[in-house]
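Worksheet: one structure, shown below.
What you see is a predicted model; the values in this text were computed from it and never measured. Excluded from the calculations below are hydrogen atoms, water molecules and symmetry mates; all remaining heavy atoms, backbone and side chain alike, are included.
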Amino acid sequence: MESTNLLVLLLVKLLAVSRVLSLSVPGTPSITGFDSSGIAGTSQTLTCTSVGGDPNPTLWWYQNSTQVDSSFQVSSGTSTTVNTYTFVVQQSHELDRIQFTCTARNTQASVSSSVQFAIVYVSPGNPTMTGPSTFNAGDSNTWYCQTVGGYPAPSIGWYLDGEVITGGASNISSANNTYTVLSSYTRTALASDHGKTLECRITHASLNSPKTTTKTFTVYAPPTVSITPDVSNVLSGSDLTLTCSVSSSLLSYTVSWYKDGSSSFLTASSTYSLNGDTITILTVEQADAGSYSCIASNSAGSSPYSNSVQVVLYTIPTSGTISPSNVTVELGESFTVTCSAVASPVTNTLSYSWQFGGNEISTNPVLTVTNVQKDDDGVYLCTATNSFGSTSATVTADVQYLPESAVTDPSLTAAVGASLSLSCDTDANPGATDYIWFKGSAILSITERVNSVQAESGTTTYTCRATNSIGTSSDITFTVTGTTSDSGSEPDTGASTGDTGTGLSVGVIVAIVLGILFLLFIIILIIVCCICSGSCKKKDKKKRRVVPTVVPDEKPREQPAYIETYTTPRHKPRPYSGFEPSIISRKHVDVDMDSDENRYGIVYGGNYPDTNRSTTSRFLLRAPPTAVESENGTIISVYDDSNHVTSKRKRPVNLPTEHTYTELDSVRKEKRRRTKKKKRHHHKRESGEGEESPPRKERRERDEYGHRDGSQRRKERREESNHRRSRRERREEEDLGEHGYISEGSPPNSRNNLVVDE
């Protein structure tokens, strides 16, 4: 039992010895986040870190010897201990030389680290400025700027409209370990200082940006004035407005105007209109020209005279003249003309332009033309211009020269004895007045331009000389050749021949041409009238059937068992009662009866161009059975073959002779055509193709509102159909009574479809 206890005690001691051998001291603490240049009033956070130590150490913060924080923390899984301490920086931390110490302590040892502020800044207070902001130009003023509570002492600077100004003096005083700084600035006010800003700036190490205070100057000073432009050109008779530009620190000021340096200012009158900074010279005249200036005044004084503006009176150029007014010059010589005009001012205000033939030839007031040619003859235009208008004048240059030949063909040929007229045509200015003629070298007595001669055998030479006021032309020669053959050529261009009596005069030729034209006009007029009247249309020959005749003494011929068939491309005939159908025009049903009433007749159809009847209906012609059995049978029946009705035999229509349409029939037919056209338009409107008719619109509206049922609509349609049927029947009766045929529009099963002639 004792040995067991001894063994346990030995083990405990061994464990204690091993524990002692594993213990260690903590690592030296490190301090981060500290700024040795602090700013009073701001906060700092210090972090203390210790690595190692067994057992884990504790971390404590001290200010000098006073413990201020013990909230350490050991990082899990590591042997790192951390303690964070936050405090507000105070100026005493620097003045009292306060140390901030972090101590790491365990059972083995205690290790510490310390930091201390080198300086603690105290921010200065906001600056204040004293001194005037409103004053007169020329006054000397002093402004003061002060800041309190800064450490170390702040700096003060002065600025005028953002620019540094010097001359400020500062006074620094201390109290309670801070400084008060007072700075002053003195300046003599200028008129140009009006509206400028004086600024005081405080700079300090504790400030990120300066602290400032400002004052804006109001400087009472006399105004300044100016007038632009320096020269004003004005048209005589118009109005001129001048403006005095005033710069004044005071809103209230007056402007006075002066003319030509006079000490008396201008007042409102019939000549001048004053309105604030402007003056208007009404209807400017020559007396209004001169120098104008202005003065502005306010409570601080008056401005000096402004610059002077020169008012120059201009007029539109007038009285344009050219000297000399007319120019007469001979070919090859020169002439000079001068252009002038009246304008104000006269000097250096007018520009000149000479034009000839639409082209500018000079810009000088004096125009000189040398070596004058024919092309230089004409009108010369001079225009005088200034900035307000222009005036013009013209001069005509008359270029004179000797007569020159204008004969186109001086060589002539004519039959011997024929009369010829030789014309001494010349180009001259002035025109030729005298003419001298020569035959060969012999002078002739004639002195006219035209010389009448007779062609002689061979070649004869004639010479003409023309004279004007300038002189005599050179010789103009004609050669006349006489021929004895009848085939001699006609006189050439350039000479006129006498009447030989073999040609027609111009009057006769004109009369013949006019007669031919009149005849053509009559022929055209006749053709037009013929076409308009319709008589020129080709008449259609009426095809008629040849009717066989029967001699009375002879035995009557047997009625044929058939009637010829007429067909058209639109329809095919239908057989009836063993007879071939006959399709004929509905225009006419003509009956040509034999002179013997007891004999038979033939019915045929024909087209008549003077009618407008439709040709679309079809008819059957047949003879009743009695006509075949009896020699005296002459009954002919007319049917509408659109639907055969054999059971109804109506009263026959008497057609004793050929029936044709009359003018009255055409009138009735046209009336029926118009009625049908109206009905077609009515049906289109009813079906919705055309404009909606009032009845259709009424029915549609009633249908929309449900006021009619189907039975009512069917009843109305039946009534409308019966009404149309009754109208057709009445028309059929009228046609049968008057003409013996059925008009267009009769229904196929009408009771009047059968017409019988007994």
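In the model, S226 has no side-chain atom that pairs as donor or acceptor with a side-chain atom of S306 under 3.5 Å. Side-chain N/O atoms of D277 and T243 include no donor and acceptor closer than 3.5 Å. Between the side chains of Y401 and N468, no donor N or O sits under 3.5 Å from an acceptor N or O. Looking only at atom types and distance, the side chain of D425 has a donor-acceptor partner in the side chain of S423 under 3.5 Å away. Using modelled atom types and a 3.5 Å distance limit, the side chains of T321 and S340 yield a donor-acceptor pair. One side chain, T186 or T142, offers a donor N or O that lies under 3.5 Å from an acceptor on the other. E360 and S353 share a side-chain donor-acceptor pair at under 3.5 Å. Side-chain contact annotation: S184 with W143, donor-acceptor N/O pair under 3.5 Å absent. No donor-acceptor contact under 3.5 angstrom links the side chains of T318 and T391, judged on distance only. For the residue pair T368 / T336, a side-chain donor-acceptor distance below 3.5 Å is found, with atom types taken as modelled. Counting only N and O atoms by type, the side chains of S297 and S302 include a donor and acceptor under 3.5 Å apart.
No donor-acceptor pair under 3.5 Å is formed between the side chain of S170 and the backbone N or O of S183. Side-chain N or O atoms of D376 include none that pairs as donor or acceptor with a backbone N or O of D398 at under 3.5 Å. In this structure, D409 contributes its side chain and L412 its backbone to no donor-acceptor pair below 3.5 Å. No side-chain donor-acceptor contact under 3.5 Å links T212 to the backbone of C200. Within the 3.5 Å criterion, the main-chain N or O of V219 finds a donor-acceptor partner in the side chain of S249. Using a distance-only test at 3.5 Å, with no hydrogens or angles considered, no donor-acceptor pair links the side chain of T280 to the main chain of L282. In this structure a side-chain-to-backbone donor-acceptor pair under 3.5 Å is missing from N326 to V395. Between the side chain of N386 and the backbone N or O of F388 there is at least one donor-acceptor pair closer than 3.5 Å. Here the side chain of S262 pairs a donor or acceptor atom with the backbone of S264 at under 3.5 angstrom.
With sequence neighbours excluded, no residue forms a ring pair (Phe, Tyr, Trp, His ring centres under 6.0 Å) with Y253. A search for salt bridge (Lys or Arg N to Asp or Glu O under 4.0 Å) contacts involving K439 returns E456, not counting sequence neighbours. Remark: W354 pairs with no residue by the ring pair (Phe, Tyr, Trp, His ring centres under 6.0 Å) rule, at least two apart or across chains. Under the ring pair (Phe, Tyr, Trp, His ring centres under 6.0 Å) criterion, Y258 pairs with Y305, sequence neighbours left out. Applying the side chain to side chain contact (heavy atoms under 4.5 Å, CB included) rule to S469 yields the partners P430; only residues at least two apart in sequence or on another chain are considered. Not a single salt bridge (Lys or Arg N to Asp or Glu O under 4.0 Å) links D139 to another residue, sequence neighbours left out. When the salt bridge (Lys or Arg N to Asp or Glu O under 4.0 Å) test is applied to D193, the partners found at least two apart in sequence or on another chain are R187, K196. In this structure E448 satisfies the salt bridge (Lys or Arg N to Asp or Glu O under 4.0 Å) test with no other residue, sequence neighbours excluded. Looking at residues two or more places apart in sequence or on another chain, you find no ring pair (Phe, Tyr, Trp, His ring centres under 6.0 Å) involving F265. Annotation: side chain to side chain contact (heavy atoms under 4.5 Å, CB included) contacts of T216 (sequence neighbours excluded): T197.
Sequence neighbours left out, not one pair with a member in residues 238-260 passes salt bridge (Lys or Arg N to Asp or Glu O under 4.0 Å). Among pairs with a residue in residues 359-405, those fulfilling disulfide (SG to SG under 2.5 Å) read C339-C382, at least two apart in sequence or across chains.
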Would you check, one step at a time, whether the test side-chain hydrogen bond (donor to acceptor under 3.5 Å, both in side chains) holds for T383 with S390? CA-CA 7 Å; T383 303; S390 62; over 6 Å; no
Go through D434 and R465 one step at a time and tell me if the salt bridge (charged side-chain N to carboxylate O under 4.0 Å, His left out) criterion holds. CA-CA 8 Å; D434 297 322; R465 296 174 186 170; over 6 Å; no
Going through the checks in order, is the side-chain contact (heavy atoms from CB on, under 4.5 Å) test met by I436 and I443? CA-CA 7 Å; I436 302 174; I443 189 171; 3.6 Å; yes
T459 vs T481, side-chain hydrogen bond (donor to acceptor under 3.5 Å, both in side chains): CA-CA, chis, key distance, verdict: CA-CA 4 Å; T459 300; T481 301; 3.2 Å; yes
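Distance OG/S452 to CG/L422: 8.0 Å, rounded to 0.5 Å. The CG atom of L266 sits 7.5 Å away from the CG atom of L274 when rounded to the nearest 0.5 Å. Here the CG atom belonging to N451 is positioned 8.5 Å from the SG atom belonging to C464, to the nearest 0.5 angstrom. Between the CD atom of Q355 and the OG atom of S362 there is a distance of 11.5 Å, given to the nearest 0.5 Å. Summarising the geometry, atom CG belonging to L402 is positioned 11.0 Å from atom CG belonging to D427; distances are rounded to the nearest 0.5 Å. For the atom pair CG (L207) and CZ (R201), the distance works out to 13.5 Å, reported to the nearest 0.5 Å.
Between V311 and D288, the closest side-chain pair of non-hydrogen atoms is not below 4.5 Å. V372 has its side chain out of reach of E333: every pair of non-hydrogen atoms, C-beta onward, lies at least 4.5 Å apart. The shortest distance between side-chain heavy atoms of F438 and L444 does not fall below 4.5 Å. The closest side-chain heavy-atom distance from D377 to N429 is below 4.5 Å.
The number of heavy-atom neighbours closer than 6.0 Å to OH of Y144, taken from other residues, nucleotides and ligands shown, is 12 or below. The environment of OH in Y185 is crowded: more than 12 heavy-atom neighbours from other residues, nucleotides or ligands sit within 6.0 Å.
Between Y272 and Y292, the angle of the ring planes goes over 60°, which puts this pair in the perpendicular group of the 30/60° scheme.
Listed here is the closest heavy atom pair of Q400 and T328: NE2-CG2, 3.5 Å.
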